[in-house]
Amino acid sequence: MIRKPLILLVEKALGKGVNSGALLAGTFPPVMIGVPSNPEHGDYSCNIAMQLAKKESAPPRRIAEIIISNIDDSDYLLEKVEIAGPGFINFYISQDAWQKALLEIERQGGSFGRSGAGEGKKVQVEFVSANPTGPLHIGHGRGAAIGDSVSRLLEATGWDVTREFYYNDAGQQIANLALSVQARCKGVEPGEPGWPVDGYQGEYIKDIASSYLAKEVVDASDQHIAAAGDPDDLEAIRRFSVASLRREQDADLKAFDVRFDVFTLESSLYSRGLVEYVVRALAENGHSYEADGALWLRTTAFGDDKDRVMRKSDGSYTYFVPDIAYHLDKWERGFIRVVNEQGSDHHSTITRVRAGLQALGKGIPEGWPEYLLHQMVTVMRGGEEVKISKRAGSYVTLRDLIDEVGRDAVRFFFIMRKPDAQLVFDLDLAKEQSPENPVYYLQYAHARICSIFENAAGKGFDAGRIQGADVVSSLESPEELEIMKLLSALPHVVSESAANFEPHRLTGYLTDLAGSFHRFYNKSRVISDNSRTTLARLYLLERTAQVFRNALDILGISAPERM
RNA sequence: GCGCUUGUAGCUCAGCUGGAUAGAGCAACGGACUACGAAUCCGUAGGUCGGGAGUUCGAAUCUCUCCAAGCGCGCCA
């Protein structure tokens, strides 16, 4: 909000410098504006003069002088401009500009922080994509939180987002699932004769078996299945089991407030003939060959370290063939961008999927689709690591976590660190609703502001109906300025978060904002005998609350008015 | 052995895409409520940015090389 006009000022100054002959013509690097770590160096600084020193063959400080002398600050954005150190240009923003920024925040209201940068173009975000072989666990939770936040960030920057969930409803894992349920139907326990190799041992398998025998009906998001109740009908068991688990996962996602626009079933790629089509197309393009009774794709031609089997000697396809078919389908549905959010344990699929898409020769860009990988979550309970094993049935489910910790805290914890760093989830700490928990820290800030508004209302002040233009000039204390500076940074933080798929930047921003509010609160009284100061501060806090709500909304976290 | 990711204060982590004196929260110690929510604030202490070399005006950030951890490296998904 301040940064952009500043960049424009510098760019215009460069242009004027060229016109007057003081600077050499040519292309300039993009103007970068940074925030100095030392506040004495101004509100913003620019290093363009040092970057140009070589090209202009002039000392950076002289270039900086030329730029400064050509700056036309007609809107009185700047208090002063200085050259410092080796050639930094330090900008000191006028109080007037910070104060006026508040008026702009009020004007933009709920849309402040958002932008139209994506121009309404279509982007698909695929995430979670858990197979229906068990409830969602804590790892899926991280994927759900990151995927949903990134989707919201993309929406906030003007993209038309489709949230998509892909699941494997065929194949070996599902066969195992069906066999496990069947064994339970027949009263076979894990380890006993007749228990399937690699069977799923969790309690939920037993539950599905008894529901099946009781001929229950299951309604999942995309399926309506009535149990046959016949323990010998493996196909009926498979369909019932998948639907049952889909229903459970739907409920988990709903509890987490994560919704999907499209569910794609792997089986549909076969039934629509897409898998066969892809295999044929790859063969026709000369990228496949037969060896050892199998059909191979020459992925080494596209950067892989070895070729991969497409069709096994038993005639079935390996998982990555439907994956390619699925992504071709995404492309043909018109998504110029696709973001796949998944666990980093699947990172080896990236090369294969992209290789397959390149081999199809459809003109799909090499870097398409984009991938966003998150590292593993380790769960600590009682100071010990909880081992996650789906087959043994011992793991923390997402549902347990939400029930114990609360949806907002779980979401916040999952996104507060950059996705590619491992996450230690300390259950005991997260359950403890203490101030160590950063989500309480910032929700408290919002609740505290709302509480001030209530008090103000009791004294006849309506924080929502203050004429900002009349009072903002009273806002000039260091604490007030600190808040104003942070507020106007929101659009930049949102666009950077979205561009890099880094929701944690926004959580960090919110923690900073909460901190500067709490500092202000402890230092200054909002409601006082001085009505002009009171009105000005209420006006400032009204904008602050707005920014909390806008930013928390982009993260899918609530902004409670009391706690 | 190869690939991806990570390594920053005692612990958990930031560090705005190469900028100026590396930051925050916990934990430790010392302070602040007879007024708007003390779920808060202020102060003190705490560092070889894993080690080494290189690139340049300038490196936690880029390159190379070691060391350590996690995850991959199936005719599993």
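Throughout, protein chains are lettered first and strands after them, A, B, ... in sequence-line order, and every chain is numbered starting at 1. Only a predicted model underlies this, so the values are computations on that prediction, with no experimental measurement involved.
Residue contacts for A/Ala445: at a heavy-atom cut-off of 4.0 Å it reaches no nucleic acid atom on any strand shown. Using a 4.0 Å heavy-atom distance criterion, A/Met563 is classed as a base contact. Residue contacts for A/His41: at a heavy-atom cut-off of 4.0 Å it reaches a base atom on one of the strands shown. Residue contacts for A/Ser524: at a heavy-atom cut-off of 4.0 Å it reaches a base atom on one of the strands shown. Among the atoms of the strands shown, none is found under 4.0 Å from any heavy atom of A/Ala53. Residue-level contact check: A/Ser451 touches the bases, meaning some heavy atom is under 4.0 Å from a base atom. Residue contacts for A/Asn38: at a heavy-atom cut-off of 4.0 Å it reaches a base atom on one of the strands shown. If you check every strand for non-hydrogen atoms under 4.0 Å, A/Asp529 touches nothing. When heavy atoms are screened at a 4.0 angstrom cut-off, A/Arg311 is found touching no nucleic acid atom at all. Among the protein residues, A/Asp292 comes within range of the nucleic acid bases, having at least one heavy atom under 4.0 Å from a base atom. Looking at heavy-atom distances under 4.0 Å, A/Arg525 makes contact with a base.
Only the C1' atoms considered, B/A77 is 40 Å distant from B/A24, to the nearest whole Å. Rounded to the nearest Å, the gap between the P atom of B/U40 and that of B/A27 is 10 Å. The separation of B/G31 from B/C71, taken at their C1' atoms, amounts to 47 Å, rounded to a whole angstrom. If you take atom C1' in B/U21 and the same atom in B/A59, they sit 16 Å apart, rounded to whole Å. With C1' as the reference atom, B/C29 and B/U34 are 29 Å apart, rounded to whole Å. Comparing the C1' positions of B/C26 and B/A20 gives a spacing of 30 Å, expressed to the nearest Å. Atom name C1', nucleotides B/U55 and B/G70: the rounded distance is 31 Å, in whole Å. For B/U65 and B/G19, the P atoms lie 25 Å apart once the distance is rounded to whole Å.
The phosphate of B/U5 (OP1 or OP2) has no side-chain N or O of A/His374 nearer than 4.0 angstrom. Contact check, A/Lys523 against B/C42: no side-chain N or O comes under 4.0 Å of OP1 or OP2. OP1 or OP2 of B/A20 has at least one side-chain nitrogen or oxygen of A/Ser37 nearer than 4.0 Å. Between A/Arg505 and the phosphate of B/C16, there is no side-chain N or O to OP1/OP2 separation shorter than 4.0 Å. Residue A/Lys459 places none of its side-chain N or O atoms closer than 4.0 Å to OP1 or OP2 of B/C36. Look at A/Arg448 and you won't find any side-chain N or O under 4.0 angstrom from OP1 or OP2 of B/U40. Contact between the side-chain N/O atoms of A/Tyr521 and the OP1/OP2 oxygens of B/A38 is found at a separation under 4.0 Å. OP1 or OP2 of B/C76 lies within a sub-4.0 Å distance of a side-chain N or O belonging to A/Lys312. Residue A/Lys306 places none of its side-chain N or O atoms closer than 4.0 Å to OP1 or OP2 of B/G3. The phosphate of B/C41 has OP1 or OP2 within less than 4.0 Å of a side-chain N or O from A/Tyr441.
Here A/Glu482 pairs with A/Arg519 in a salt bridge; the nearest charged N to carboxylate O distance falls below 4.0 Å. Here A/Glu366 does not pair with A/Arg354 in a salt bridge; the nearest charged N to carboxylate O distance is not below 4.0 Å. We find that A/Arg308 and A/Asp305 are joined by a salt bridge, their nearest charged nitrogen and carboxylate oxygen being less than 4.0 Å apart. Ion pairing of A/Arg562 with A/Glu454 is present here, as a side-chain N (NZ or NE/NH1/NH2) and a carboxylate O approach within less than 4.0 Å.
Its glycosidic angle being more than 90° from 0, B/C29 falls on the anti side.
Taking atom CZ on A/Phe520 and atom C1' on B/C42, their separation rounds to 17 Å, with Å as the unit. Rounding to whole angstrom units, CG of residue A/Asp198 and C1' of B/G74 are separated by 14 Å. In this structure, A/Met50 atom CE and B/G58 atom P are separated by 12 Å, rounded to whole Å. A/Arg417 has its CZ atom 4 Å from the P atom of B/C13, to the nearest Å. The CG atom of A/Leu513 sits 16 Å away from the P atom of B/U40 (whole-angstrom rounding). Per the geometry, NE2 belonging to A/His446 stands 15 Å off P belonging to B/G37, to the nearest Å.
Relative to the ring axis of A/Phe412, A/Arg407 does not place its NZ or CZ within 45° and under 6.0 Å from the centre. Remark: A/Arg246 is positioned above the aromatic ring of A/Tyr167, its terminal NZ or CZ atom under 6.0 angstrom from the ring centre and at most 45 degrees off the axis. The side-chain tip of A/Lys80 does not point at the ring of A/Phe91 from less than 6.0 angstrom away and within 45° of straight on.
Sequence order on RNA chain B of the closest nucleotides to A/Pro86 and A/Glu496 puts A/Glu496 first from the 5' end.
Atom CG of A/Asp314 sits in a crowded spot, with more than 12 heavy atoms from other residues, nucleotides or ligands closer than 6.0 Å.
When only modelled atom types and interatomic distance are considered, A/Asp420 and A/Gln375 share no side-chain donor-acceptor pair under 3.5 Å.
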Which pairs of donor and acceptor atoms, one on a side chain in residues 40-48 of chain A, lie under 3.5 Å apart (sequence neighbours left out)?
from, atom 1, to, atom 2, distance (Å)
A/Asp43, OD1, A/Lys485, NZ, 2.7
A/Asp43, OD2, A/Ile93, N, 2.8

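Set against B/A77, B/A20, B/A14, the side chain of A/Ser45 has B/A20 as its closest nucleotide. Ranking B/U12, B/C41, B/C76 by closeness to the A/His518 side chain, first place goes to B/C41. Across B/U40, B/U5, B/C71, the shortest atom-to-atom separation from the side chain of A/Tyr444 is found for B/U40. With distances taken from any side-chain atom of A/His492 to the nucleotides B/C16, B/G37, B/C13, the minimum falls on B/C16. Of the candidate nucleotides B/C4, B/C36, B/G74, B/C4 has the atom nearest to the side chain of A/His347. Relative to the side chain of A/Met376, the nucleotides B/G70, B/C36, B/C42 differ in distance, and B/G70 lies closest. Considering only the side chain of A/Asn47, B/G19 comes nearest among B/G19, B/A14, B/U40. Set against B/G37, B/C57, B/U12, the side chain of A/Lys54 has B/C57 as its closest nucleotide.
One can find a donor-acceptor pair under 3.5 Å joining the base of B/A77 and the side-chain atoms of A/His346. A donor-acceptor contact under 3.5 Å is formed by the side chain of A/Tyr319 with the base of B/A77.
The distance between the ring centers of A/Phe127 and A/Phe165 does not fall below 6.0 angstrom.
Taking a centre distance below 5.5 Å and an interplanar angle below 30 degrees as the stacking criterion, A/Phe88 stacks against the six-membered base ring of B/A20.
Consecutive pairing runs in RNA chain B reach the stem threshold at B:1-7 with B:67-73, B:10-13 with B:23-26, B:28-32 with B:40-44, B:50-54 with B:62-66, where a stem means at least three Watson-Crick or G-U wobble pairs with distances under 3.5 Å.
Taking the side-chain hydrogen bond (donor to acceptor under 3.5 Å, both in side chains) definition, one finds that A/Tyr289 meets it with A/Asp307, sequence neighbours left out.
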